[in-house]
Number of protein chains: 2
Amino acid sequence: MRKIAPTPTPGRPRDPETGQRILDAALRLLAAQGYSRMSLDAIAVDARVSKPTMYRRWSSKADLATAALRTLQLAEPRPDSGSTPADLIATLENFSRSLLRPNGMSLIGTVLAEEAHTPELLRLFRERIVTPRRAMLRAILDRAAERGELRAGADLDAAVQMLTGAFYARYLAQSKIEPGFARQLVEIVWNGLRKVKARR
Amino acid sequence: MRKIAPTPTPGRPRDPETGQRILDAALRLLAAQGYSRMSLDAIAVDARVSKPTMYRRWSSKADLATAALRTLQLAEPRPDSGSTPADLIATLENFSRSLLRPNGMSLIGTVLAEEAHTPELLRLFRERIVTPRRAMLRAILDRAAERGELRAGADLDAAVQMLTGAFYARYLAQSKIEPGFARQLVEIVWNGLRKVKARR
DNA sequence: TCATAATTACGATACTGTATCGTATCTATA
DNA sequence: TATAGATACGATACAGTATCGTAATTATGA
C-alpha cells in the first residue's frame with residue numbers, strides 16, 4: 001500500500017531550525033534588554049537571519065515577543081519526599097537558582113514594565129511560569145493538609161505568595177539571594193501553618 | 001549684624017517651579033512608559049518647557065531620570081499601637097495602596113528591567129523606597145522582640161521579605177490585591193514568629 | 001538715581017546623527 | 001514555479017545640540 005504523502009506546498013519549505021533560532025534569540029534579548037530596547041535588527045543578527053525572514057513568520061515585534069514567551073516552560077522537578085518543609089525548601093531552591101540566572105529578574109521587570117503597552121507579555125509569563133510555580137508549591141501544602149499536618153484557618157495561597165514573593169523582595173533589596181534563604185522562609189511559614197503539638 | 005547675602009549671579013534666575021515641573025513629569029512618565037520608551041520630547045511637553053531648558057539642568061536622559069527618582073520619598077505613617085499584628089497589617093495596607101496606584105508596579109518593573117543598562121535607577125529606588133519600607137516593618141518586629149513577644153530562632157529579615165514580597169507575587173500572579181490580603185499574611189507570619197503560650 | 005550693558009534663563013524651532021520598524025527588490029533554493 | 005532568504009531602503013522617532021528672540025536679573029556708568 002503506497003504511503004500517502006501530505007499535499008506538498010509549492011515552493012521552498014520553511015526551515016524549522018531557523019524559526020527556533022529566532023525564538024531563542026528573541027527570548028534571550030527580551031530578558032537581557034527589555035522589550036522596548038530589544039530590536040528586531042539585533043534579533044536578526046543574533047539568530048543569523050534577515051528581518052524579512054522573521055516577518056514571514058511573525059507579523060510584528062509584539063507578535064514575535066509573545067511567541068518567544070510562549071516557548072517558556074517551567075522545567076523544574078516536583079519534590080514529593082513526604083516531608084513538607086523539605087519539599088518546600090527544595091522547590092524554593094530551584095526557584096532561587098532560576099531567578100539568579102543572568103537576566104532572570106529582568107525578564108520579570110520587563111513584563112511588569114510593559115503591562116500597559118504590551119499586556120500579552122505579562123499574561124503569557126503568568127501562564128507559563130508564575131501559575132505553574134504557584135501550583136507546585138500549593139500542591140505540597142495540599143498534601144500536607146491531606147496528611148493532617150496543618151492547623152485550621154490559614155490561607156494556603158497567602159503562604160505560597162509569601163514563599164515566592166520573598167525572593168523578589170530580597171532581589172529588589174540587594175540583587176542577590178544568599179544560600180539558606182529558602183530554609184529561613186520555610187522555618188517561619190512552617191511554624192505559622194502547622195498543627196501544634198506540645199512544643200518543648 | 002548685617003546678614004551677608006550670597007553674591008548674586010547676574011542674569012535671569014532659574015525658576016525652581018520649572019525644575020520641579022520637569023522632575024514631576026519625568027517621574028510620571030518613567031512609571032507610565034518605562035525608562036527606555038520615555039522620551040525627553042514627551043517630558044518637555046508634559047512639563048510645558050523646551051528641551052534646552054531641561055538640558056540646562058541635567059546633562060542627559062539618565063541624569064534626569066535619576067534626579068526624578070531621587071525625589072521619591074516614602075511618606076507613609078509609622079504605626080506604633082503596641083499591637084504587633086495590628087501595626088504590621090496597617091503598614092502593609094499602606095504598602096498595598098501605593099502598589100495599586102497607577103503605574104505603582106510598573107515603576108518597579110522598569111528599574112528591574114534597566115538594571116544592566118542604567119543601574120543607578122534600581123540603586124536609587126532601593127535607597128528611597130525599598131530600604132525605608134523594610135526598616136519600618138523591621139522596627140515593628142524589633143519592638144515585638146523587645147516586648148518579649150517573639151520566639152527564639154526566627155530570622156526577622158526573612159519575615160519582612162515575605163510580608164512585602166507577597167504583594168509583588170500576588171500582583172505578578174493577578175495584577176490585583178484583594179482587601180484582607182495583609183491580614184492573611186500577618187496571621188501566618190505572626191503564628192510563625194510569636195512565642196507560644198498554651199494554645200487552645 | 002536712572003538708563004543701559006552684560007549675563008543667564010526660557011520657549012520655539014530647526015538641525016544632526018543614529019536607531020528602529022517594516023517593506024521593496026533582488027537572488028537562491030526546494 | 002513558488003517560496004525562502006538576503007540586502008537595501010523609506011519613514012519615523014529620538015537624544016542631544018544650535019540658534020534666535022525675548023525675559024529677568026545684576027553691574028556699571030553718567
Side-chain angles (χ1 to χ4, degrees), chain A residues 5-26 28-30 32-68 110 113-114 117-118 120-121, chain B residues 3-26 29-30 32-68 110 113-114 116-118 120-121:
Chain A
T7 309
T9 309
R12 181 177 174 176
R14 279 196 188 144
D15 186 347
E17 274 193 20
T18 300
Q20 193 55 50
R21 269 200 333 271
I22 296 167
L23 290 171
D24 293 342
R28 217 163 28 241
L29 290 181
L30 179 60
Q33 304 185 343
Y35 176 76
S36 172
R37 188 175 277 115
M38 166 183 94
S39 75
L40 293 201
D41 279 322
I43 297 169
V45 168
D46 195 296
R48 304 182 319 273
V49 300
S50 69
K51 284 200 290 182
T53 299
M54 304 197 293
Y55 278 104
R56 267 193 281 280
R57 292 164 162 79
W58 297 285
S59 64
S60 64
K61 179 176 175 175
D63 196 21
L64 173 56
T66 58
T110 201
E114 290 293 328
H117 185 264
T118 323
E120 50 269 34
L121 298 181
Chain B
K3 186 153 183 171
I4 302 187
T7 309
T9 308
R12 181 178 174 175
R14 276 202 187 141
D15 186 347
E17 276 191 18
T18 299
Q20 193 54 53
R21 271 201 331 272
I22 297 167
L23 290 172
D24 293 342
L29 290 180
L30 179 61
Q33 307 187 339
Y35 176 76
S36 171
R37 188 174 279 116
M38 166 181 92
S39 75
L40 293 204
D41 281 322
I43 296 170
V45 169
D46 195 296
R48 304 182 317 273
V49 300
S50 69
K51 280 204 289 181
T53 301
M54 301 197 296
Y55 278 103
R56 267 193 284 275
R57 290 166 162 80
W58 298 284
S59 64
S60 66
K61 181 176 175 174
D63 195 21
L64 173 55
T66 56
T110 202
E114 290 291 329
H117 185 264
T118 324
E120 51 270 33
L121 299 180

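Within every chain, numbering begins at 1; the chains are lettered A, B, ... in the order of the sequence lines, protein sequences first and strands thereafter. Note that these values count all heavy atoms, side chains included, but never hydrogens, waters or copies made by symmetry.
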Interatomic distance where NZ belongs to A/K51 and P belongs to D/dA4 [whole Å]: 19 Å

Touch class at under 4.0 angstrom, heavy-atom based, for B/P13 against every strand present: sugar-phosphate

Close side-chain approach of A/M54 to A/K51, heavy-atom, < 4.5 Å: yes

Atom pair distance, as rounded to whole Å: CG in B/L40 and P in C/dA14: 19 Å

Donor-acceptor pair (no angle test) under 3.5 Å: B/K61 side chain, D/dG16 base: no

Any A/R21 side-chain nitrogen or oxygen under 4.0 Å from OP1 or OP2 of D/dG5: no

N/O (side chain, B/R12) to phosphate O (OP1/OP2, C/dG11) under 4.0 Å: no

N/O donor-acceptor pair under 3.5 Å between B/R56 side chain and B/R14 backbone: no

A/T18 side chain near D/dG5 phosphate (N/O to OP1/OP2, under 4.0 Å): yes

First encountered from the 5' end of DNA chain D, between A/R14 and A/P52: A/R14

Taking every non-hydrogen atom, the tightest pair across B/L30 and B/Y35: CD1-CA, 3.6 Å

Below 4.0 Å: OP1/OP2 of C/dG11 and any side-chain N or O of B/T53: yes

Nearest-angstrom distance from the residue atom NE2 of A/H117 to P of D/dA13: 13 Å

Residue whose nearest DNA chain C nucleotide is more 5′ - B/A47 or A/M38: B/A47

Touch class at under 4.0 angstrom, heavy-atom based, for B/M54 against every strand present: nothing

Spacing of A/D41 atom CG relative to D/dA13 atom P, expressed in whole Å: 18 Å

Nearest-nucleotide pick for B/S50, side chain only, options being D/dG5, C/dC10, C/dG11: C/dG11

d(CZ, B/R56; P, C/dA12) in whole Å: 12 Å

Atom-pair distance (CG on B/L64; P on D/dA15), nearest Å: 11 Å

Touch class at under 4.0 angstrom, heavy-atom based, for B/R37 against every strand present: nothing

A/A113 backbone acceptor or donor facing B/T110 side chain under 3.5 Å: no

Considering all heavy atoms, the nearest A/W58-A/D63 contact: CA-OD2, 3.4 Å

Atom-to-atom span, OH of A/Y55 to C1' of D/dA8 - whole angstrom: 15 Å

Value in whole Å for how far the C1' atom of D/dA4 lies from CD1 of A/I22: 11 Å

